[in-house]
Amino acid sequence: MSGDFHDTVSGDLGLRIEEPPIFEQDSPGALGVDWPETEAGADRLGGLARSGAIGLPSLAEPTVVRHYTRLSQKNYGIDTGLFPLGSCTMKHNPRLNERVARLPGFADIHPLQPESTVQGALALCRELQRWLTVLTGMPGVALTPGAGAHGELCGMMAIRAALDAGGAANADRKRVLVPDSAHGTNPATAAALGFEVVSIPEDGRGRVDPGRFEALAGEGGVAAVMLTNPNTCGVFENDIRRIADAVHEAGGYFYCDGANFNAIVGRVRPGDLGVDAMHINLHKTFSTPHGGGGPGSGPVVFSEALAPFAPVPRIVGEDGALRLEEANGQAFGRMKAFHGQMGMFVRALAYMMSHGADGLRQVSGDAVLNANYLLRKLEDVYSAPFAHAGPAMHEALFDDRALKDTGVSTLDIAKAMIDEGLHPMTVYFPLVVHGAMLVEPTETETRASLDRFVAIMRGLAERAHDGAPLTEAPFHAPRRRLDETQAARKPVLRWRGAGE
Amino acid sequence: MSGDFHDTVSGDLGLRIEEPPIFEQDSPGALGVDWPETEAGADRLGGLARSGAIGLPSLAEPTVVRHYTRLSQKNYGIDTGLFPLGSCTMKHNPRLNERVARLPGFADIHPLQPESTVQGALALCRELQRWLTVLTGMPGVALTPGAGAHGELCGMMAIRAALDAGGAANADRKRVLVPDSAHGTNPATAAALGFEVVSIPEDGRGRVDPGRFEALAGEGGVAAVMLTNPNTCGVFENDIRRIADAVHEAGGYFYCDGANFNAIVGRVRPGDLGVDAMHINLHKTFSTPHGGGGPGSGPVVFSEALAPFAPVPRIVGEDGALRLEEANGQAFGRMKAFHGQMGMFVRALAYMMSHGADGLRQVSGDAVLNANYLLRKLEDVYSAPFAHAGPAMHEALFDDRALKDTGVSTLDIAKAMIDEGLHPMTVYFPLVVHGAMLVEPTETETRASLDRFVAIMRGLAERAHDGAPLTEAPFHAPRRRLDETQAARKPVLRWRGAGE
Amino acid sequence: MRYLPITDADRSGMLQAIGAPSVEALFADVPEGALLAEPVDLPRHAGEFEVERRLSRLAARNRAAGAGPFFCGAGSYRHHIPAAVDYLIQRGEFLTSYTPYQPEIAQGTLQYLFEFQTQVCLLTGMEVANASMYDGATAAAEAVTMANRVTRRSKAVVSGNLHPHYRDTAATLARFQGFALEAGPPMPAGGEDLASRIDDETSCVVVQYPDLFGNISDFSALAEAAHAKGALLVVVVTEIVALGALRPPGEMGADIVAAEGQSLGNAMGFGGPHLGLFAARTRHMRQMPGRLCGETVDADGRRGYVLTLATREQHIRRERATSNICTNSGLCSLAFTIHLTLLGETGLKRLAALNHAGAVSLADRLGARVVTPAFFNEFTVRLAGDAAGAVEQLAGEGILAGVPVSRLHPGAGLDDLLLVAVTETTDEEDLAALAEALS
Amino acid sequence: MRYLPITDADRSGMLQAIGAPSVEALFADVPEGALLAEPVDLPRHAGEFEVERRLSRLAARNRAAGAGPFFCGAGSYRHHIPAAVDYLIQRGEFLTSYTPYQPEIAQGTLQYLFEFQTQVCLLTGMEVANASMYDGATAAAEAVTMANRVTRRSKAVVSGNLHPHYRDTAATLARFQGFALEAGPPMPAGGEDLASRIDDETSCVVVQYPDLFGNISDFSALAEAAHAKGALLVVVVTEIVALGALRPPGEMGADIVAAEGQSLGNAMGFGGPHLGLFAARTRHMRQMPGRLCGETVDADGRRGYVLTLATREQHIRRERATSNICTNSGLCSLAFTIHLTLLGETGLKRLAALNHAGAVSLADRLGARVVTPAFFNEFTVRLAGDAAGAVEQLAGEGILAGVPVSRLHPGAGLDDLLLVAVTETTDEEDLAALAEALS
Ligand SMILES: Cc1ncc(COP(=O)(O)O)c(C=O)c1O
Ligand SMILES: Cc1ncc(COP(=O)(O)O)c(C=O)c1O
């Protein structure tokens, strides 16, 4: 017997139960579904029938349900607690939306059914477009992109197409100005389309310096600026109109990364600020669930100038006789096999209808209030680089200067938060801030939850200064810190056999 | 800072998060649903409008979802792991059954709709009756009882009614013979109906001694025997036919507690053994979920002799013109507001159809095999009082004799199992065995799961002998042992205010 | 078969391990001839798709309430259930757990039961509530037997306006337990004199609030009359949403409240599973049936919950138990609790107000044909002819117009009466359709 | 509003705490005039019942596939999804979690991704698979750009029998990335000669298996031809269930497999969200797009999983990333994994066999009108007249007869061709109905 009574025979600890991969639970002969065997008959597979085993394990349904239940229990979700992941808008995901997305009239229809049999689906897409149009003040909407980054591709392709349509002289327009603080998808998108990424340094206020921007734009060859607003430093680009004017003057377009639209929805229309294209992460602002990494949906709204270049398919015609336009001379092309993330459209529209114009306004107000509340309640213990530069928007940005002499890093704080029953905030992003901690509480937290967060964060700061072993945290999660170096050095990307 | 780094600021531990009652999360003004305010108008409440506050707390939906999610995370279910609760048949609960029970054609219909509008529902009830009839070999089925104990009431009322119908001489028949090993509901039911409970002692083989029984039955005034078979000692009453004959000879009826029907379903028909009435816990044998204590469903099958006395409502007529008979001269009465646990009927029928006659036979075979396997694998370390008396049925019964000198009790083993990621077996039942441990693995466990159980149980026995502090277990559950004495001495049965 | 994980290989290995020649050999104790050699005469196993298809076809042969205007009540009500409720109750940790006899790993169930008991107390105005009964009717029957125990008397005086199925459920128990149950005739417009029927033998008076016909009355005087004779007042509620708008029975002197809780969180489901609520006074706590959840502390001093006062129950007290109930309506009480938590103080009041406003609106349209002077969301209408016939005919036209009184009181000369219920799911068009259909 | 927990009292307390006069004051950085004083011109908030009712009405205006005989395929397939799948993916711990960047509390997501990657490898016969892409079309487009990177060439040779939407998705990227994409004309009965079109500039050949018209062909020789010229073979699969019956692309020499995984675990949902599968050879691992989950150990030496090789990705590598993808199809991959785990070796093979048997049965009835010599569960039928017209007409009769080729290849002179798909959800009656309707 082990001397430590915390130890168990099984290695499991109460409701914390270890669960090996399905491949280690293979029980040949077990079935998890009951499809009948087919009567032997001549096949018409042209000699290409699979021979031999695929190698899939066999498990009965009870084993499978238990397996994935147990896996789920090793996860933290919004339903578990505060999930203040900056730039990700981890807000409440209403169950109503799951229910309506599963209505057979939405879930059990085929993308290529006759249009006459899907008028309700097309009308739903139209209605979603209407809400997005009114909320952004921008007339065009492309629904197809699969997520935010895909929306960026869509927007930047439209810009390229518009430039190309503007004449051969535009062929040289390859420069895309991107702030250093931008999300990685922005430069990756621009580069993927053959643009040259020109970085705009942060101005000390967490923003783009308009003078500096005008200078950069003036250097010629500008295709576009890609700007996130509210930006990833958690503040509003107050010179956004000057920036828009400058890029337009330079002959380029203004792409806005709409990841942070939650801070302004119902209060500010990007169309009023000179934006030409912006993706909207329905999985952020409009609460379609993140699902452990996806699926998302990234519709793009367009200005008059860019709308003609939107990709196919497009929804055209009148209610009751709506059609999908699959080819259009000006359209820059196609993004995806079908018409977009319909399941997410249903959820997002249900979310919008539930809130209404009044509720959406409250969304942004409360999201911003909550972030400012956290900023003010914590700025004395965690350094806040831009706290001086005006109110925060829906995120509170801290850095690790205040922890300097403790030996405790941003990462350690994040891991210690895990022990406290919190999900960590976004860390080390934006890159312009050393040891960044980007906290986005969202509007769906109670004040009590925010106060609890404050108390924990203050307590952790104190412990950091007191020399607590936060560098070893977490202690209480399903796993201690994982060895990412080993994972990358000798990648094991699939199961190979038991007992490695 | 606390010296113990296992300690956290919040008191929460990773994914183990404390969650106060809703009443301590009251946030006046918060809404969890959006019903509009009604326009003021004259009410017709006759002056009985409620004045003042009800006292319900106000929480928004995100808070509520998180609250009940967290509560669920403090629970152990079949989906979590092995749940070997003897006499309870904690088998896999298929999700298909949840899905079909929610079809609007079943869930969204009213018990008093015109019969012409519920022909499918009535046909489903009929179909369930057919399955139960064929499986039990008994011609009558009363569907209304709400659970097993309610079924007992139903069966015993039918017996009383039949006796009464048999003439005034039967008025004195008040004795109901009940083995000591019976579940508490058996004597409670008999007593509730004015019967006198006569106990039948266990015979050393975990069974009723037929000679002894005949003697008891011969003493006159016998109304019925209530026998569980397979019985709660986990064995089959091999003299069941003699017992049936004896009670019939004595002018009484044979009530069988069908809680353990899972051991014989598809293989043995109680009707072939002389049973006159038996309840079937759909929430055991036919896998409708236990739901943390209910709802269940306890249909009763009847022999020819008792069938006429079944309660109303009854389903009569032909398919397509089925009717509910709400009054019948011979019926002993009514059990419940409406026609029974329809939601459970749908689930149970889905379960039966899924298994079919072949699958149900496999159910009992595997359930019995699994129990015998555990019995043989553990009988050397846990004493098994009836292991000598023939094969076990679907339960393996142990007692605490083998732990005698360790200071560790059955309860301690149960609590130590919690630490190991297992749910404990049924403990201290049946009462005829000191420190009983009644283990029912069910047929939906894998062999690997059984082997893991064996390894843990053997390990715990070893630790008990090695002096491990099992008397203090559990250490790793959401709570340590709870003070039941305090709970009963000063009952606090409702929330009264924060921070007691 | 997809639910059965033991493979042929497992089976033979395990048989070998235990030294048994076959699975059949394990059934050696079954008497000669009773062990079936072959599967019974029922269909063979079927895949999920097939089972779902067959059951969906049966479901399609029923007219779902959501398919058109719907006005049935009389003990089962159609309310909107928030999507979060149905998600949460399906979480395996709730759905697939057992009665919380091992409290260390059942705090989830226990805490919601504690919340549930508190909510039931608040709604009913009572002091203590149990963790549920099968349904309102069985709760009412248990209330009567509890009153018998408390008073050591054996005669219950029952209102003629109690739901007849409730009355019959109690009467059935009365027949076998040997107590008297005196029920008056139905009085659709109310005005029953129950006080005069109470005597020194009376254990309780049982009334319904709102009653079968929708009437609501103040029972304070009745309570006093009962108490004066040493009897208890049992108040039955079949539409619990009513208590969001009405004075709670506890304020009127009720000693026991037995209610149907289906309206919150639970579908009508053709009548079951429903949810019996049971609340009483602290002084009678130890005579209550059913489970009780109580607060306590664990070995580390942390607050926690357990089932308590189990010495009342069958598994401890056996033939001396207060009731034989074991399995109750656990998951239905969870649904109730979550729904009511979502509603909260304001939500419940608004919901009740909406229900009442809808009913008033319908009553206004129907004018003098409404028999019930004061009501919550259900009332009685007098038709020109046979109500059952009218309902059947309207069903053919897609309107489920309500419950004819003759369905519950056949042969009582009330065949022209129709019970109509209005909830928040009834819209303006529905109201117009029924008013039109009945005119 | 039910989703917004901050009350008026909270708001004023918090404003006071931070010293701000109003919420509006926090928007001080918004330029003059751009801050709206009033809510925008859209409806006000609505309760759950109302929203559900409105959306249900929209849903009712679509013809669900389950409502009658159904034969559409062409990249999206109707398969039965076990109920357990939908329950499990809705568990909040999966549904409401983020990309597993904090692995200590995301082992659930990470482990299923590891299982998913392994399953995709097994099905496709490839060595390494990523954690998903948006859909099959974007996976195929990424496969081409990956081939360009690997070979440092910029011309893709594309089969004319590749789904035209896939082709267009890749062509759109080609246009903006400036590489060549040479697609041949459609050849409904197969027999395309692609090998001859490969030259020293070719980065890859892209083929579909089964192809748009349902043809299945052995690409081993094509793989050799490509490899001989230093080009890669990209195999696209739009019906992943086919790989339960067919030789896997990995055995034929494929270098990259880009597939649509919707068929397992995911509804058709009008075309999205779907699930892009992406598998390749280990030697090209570091050129793959998207997330990869890898096994490692924690500080206590226990096995665990993390996202790895992130230096390929946009959040680390930024403009030098292998792809800009961030959010992928996480939950769809969970559904896929659970469904495939339930199926297992035997279940998948039986499922595939059932699909094929159904298609063969239909083809037998249609006889010589079937254009496709060898197929899995979908094939091409030549009608007497315009297929689109026939489909429209049959839709009116309640039969969704398939996808007319003209919908995908308009103006290509293939207007008399119809693609019909048969799955395990198609029953004998459905087959008879279509055969009859087309005769
Ligand atoms: C600022 C910003 N831009 C773009 C993206 C990319 O969006 P998606 O993940 O939906 O592709 C993100 C996502 O985290 C983001 O935070
Ligand atoms: C042997 C036995 N009889 C009767 C019952 C009572 O059944 P129910 O809980 O369904 O009322 C049980 C339940 O545990 C039991 O095990």
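Protein chains get the first letters and strands the later ones, always in sequence-line order, with residue 1 at the start of each.
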If you compare all heavy atoms of C/L340 against all heavy atoms of C/L348, which two are closest, and at what distance to 0.1 Å? CD1-CD2, 4.0 Å
With a 4.5 angstrom heavy-atom cut-off, which part of D/S56 approaches chain C: side chain, backbone, both or neither? neither
Assess whether a salt bridge exists between C/R78 and C/E378, defined as any Lys/Arg side-chain N lying under 4.0 Å from an Asp/Glu carboxylate O. no
Applying a strict 4.5 Å limit to non-hydrogen atoms, the region of C/I81 in contact with chain D is backbone
If I measure from the heavy atoms of chain D, does C/R53 come under 4.5 Å with its side chain, its backbone, both, or neither? side chain
Looking at C/R350 and C/E424, is there a salt bridge between them, counting it only when a charged N and a carboxylate O are closer than 4.0 Å? no
Salt-bridge present (C/R302, C/E104; N to O < 4.0 Å): no
